[in-house]
Amino acid sequence: MRHGHVDYFAQAVTDPRLVLLTEEGRRQAQACRDALRHVSFDLAVCSGLPRTRETAEIVLSAHGEAALVDEAGFEELKSGFVKAASREELAGRLAFCFDEAAEPGAAFLPDGETFVSAQTRIVAAVQRLLTRPDWKTALVVAHEGVNRIVLGWASRGGLASIASFEQDLACVNVVDIDVVPGEAPGETIIERAVIKAMNLTPYDYSKAGLPRTSLEHLFDVDFGRSRPRRN
């Protein structure tokens with residue numbers, strides 16, 4: 001999953017990493033809770049940032065005693081710094097980041113974490129999760145960039161594919177992964193990953209109320225038919 005709606009521009013926000021869900025975000029998470037109420041989770045994982053933990057706790061409120069653990073490897077890509085004249089300009093710069101992810105040295109905004117480094121970190125977190133012997137079905141609540149990279153890994157498209165994987169707020173992805181024991185003691189081999197569902201939004205299954213990308217929604221902008229030009 002991706003976390004629910006947040007407002008990075010609220011007056012009370014001093015550190016974007018610590019932002020909490022809005023009322024809209026809580027409603028989105030509650031819709032996911034209701035949609036997933038018949039799924040039996042053995043384990044739940046979040047990035048440790050408040051917006052993912054809050055989303056996971058709402059979803060798990062219908063699922064008994066599934067343990068919720070933090071995995072820092074699933075934290076969102078570390079962004080760099082950029083001066084933007086408007087909210088729309090900043091949104092446009094962010095929107096183009098994923099399009100260029102496979103280019104040499106591409107980073108999440110200038111001086112941010114490179115996509116190659118983020119991919120290494122995030123895939124390692126996936127592999128650590130898959131080597132745990134104590135679960136069959138897990139809930140993972142992370143972030144847009146993280147989920148895009150996981151889907152790129154699962155589809156074998158890599159970074160060149162992640163711009164195509166839209167991740168709406170509080171969306172649900174279902175990935176079925178086959179693992180088998182390796183020859184070495186405790187070794188686990190990942191045989192394949194199958195994406196069974198992607199970017200489902202239980203609060204709006206038909207996407208009728210989601211004409212904008214999630215980034216446009218978060219920044220309260222509308223690029224219309226095309227994104228703004230890069231400077």
What is the minimum heavy-atom distance between [X] and [Y], and which atoms define it?
X      : Y      : answer
Gly209 : Asp204 : N-OD2, 2.6 Å
Ser155 : Phe165 : OG-CZ, 3.7 Å
Gly112 : Ala107 : O-CB, 3.5 Å
Pro50  : Val19  : CB-O, 3.9 Å
Gly4   : Thr55  : N-OG1, 3.2 Å
Gly152 : Ser161 : CA-OG, 3.5 Å

Item to check | Under the side-chain contact (heavy atoms from CB on, under 4.5 Å) test, residues paired with Ala72 that sit two or more places apart | outcome: Glu75

Item to check | Under the side-chain contact (heavy atoms from CB on, under 4.5 Å) test, residues paired with Ala193 that sit two or more places apart | outcome: Trp153, Ala154, Val175, Ile177

Side-chain contact test, heavy atoms from C-beta onward, threshold under 4.5 Å: evaluate it for [X] versus [Y] and give yes or no.
X      : Y      : result
Leu43  : Leu129 : yes
Val141 : Val59  : no
Leu151 : Ile162 : no
Glu76  : Arg51  : yes
Leu21  : Ile58  : yes
Arg132 : Val69  : yes

Next on the checklist: As a quick check of understanding, evaluate side chain to side chain contact (heavy atoms under 4.5 Å, CB included) for Gln167 and Met198, giving each step before the final call.
Outcome noted: CA-CA 8 Å; Gln167 289 290 279; Met198 188 184 73; 4.2 Å; yes

Please determine whether residues [X] and [Y] belong to a single hydrophobic cluster, defined as Ile, Leu, Val, Met, Phe, Trp and Tyr linked transitively by side-chain heavy-atom distances below 4.5 Å.
X      : Y      : value
Met1   : Val150 : no
Val179 : Leu139 : no
Val126 : Val174 : no
Val140 : Ile149 : yes
Val123 : Leu159 : yes

Item to check | Residue list, side-chain hydrogen bond (donor to acceptor under 3.5 Å, both in side chains) with Arg128, at least two apart or on another chain | outcome: Glu71

Item to check | Set of side-chain hydrogen bond (donor to acceptor under 3.5 Å, both in side chains) partners for Gln119, sequence neighbours left out | outcome: none

Checklist entry - Under the 4.5 Å side-chain heavy-atom rule for ILVMFWY, direct or indirect, which residues accompany Val180? => result Ile189

Would you mind listing every side-chain hydrogen bond (donor to acceptor under 3.5 Å, both in side chains) that reaches into [range], with sequence neighbours excluded?
range            : answer
residues 37-50   : Ser47-Thr52, Ser47-His143
residues 103-114 : Glu113-Arg121, Thr114-Ser117
residues 194-203 : Asp168-Asn199, Thr201-Lys207

Item to check | Contacts of Arg2 that satisfy salt bridge (Lys or Arg N to Asp or Glu O under 4.0 Å) - sequence neighbours left out | outcome: Glu144

Next on the checklist: Before you tell me yes or no, could you show the steps for Phe115 and Phe98 under side chain to side chain contact (heavy atoms under 4.5 Å, CB included), namely the whole-Å CA-CA distance, both residues' side-chain angles and the distance that decides it to 0.1 Å?
Outcome noted: CA-CA 9 Å; Phe115 284 99; Phe98 296 117; 3.9 Å; yes

Next on the checklist: Go through it in stages, so that I can follow the logic: the residues are Ile122 and Leu77, the test is side chain to side chain contact (heavy atoms under 4.5 Å, CB included), and I'd like the CA-CA distance, side-chain angles, deciding distance and then a yes or no.
Outcome noted: CA-CA 9 Å; Ile122 293 162; Leu77 280 65; 4.2 Å; yes

Next on the checklist: Before you tell me yes or no, could you show the steps for Leu200 and Cys171 under side chain to side chain contact (heavy atoms under 4.5 Å, CB included), namely the whole-Å CA-CA distance, both residues' side-chain angles and the distance that decides it to 0.1 Å?
Outcome noted: CA-CA 5 Å; Leu200 298 175; Cys171 67; over 6 Å; no

Checklist entry - If you look only at pairs with a residue in residues 171-184, which of them pass as a salt bridge (charged side-chain N to carboxylate O under 4.0 Å, His left out), with sequence neighbours excluded? => result Asp178-Arg192

Next on the checklist: For residues 21-32, which residue pairs pass the salt bridge (charged side-chain N to carboxylate O under 4.0 Å, His left out) check, not counting sequence neighbours?
Outcome noted: Glu23-Arg26, Arg26-Glu54

Item to check | Separation between CD of Glu166 and OG1 of Thr213, rounded to the nearest 0.5 Å | outcome: 5.5 Å

Side-chain donor-acceptor pairs under 3.5 Å in residues 28-36, sequence neighbours left out?
unit_1: Gln28; atom_1: OE1; unit_2: His5; atom_2: N; d: 2.9

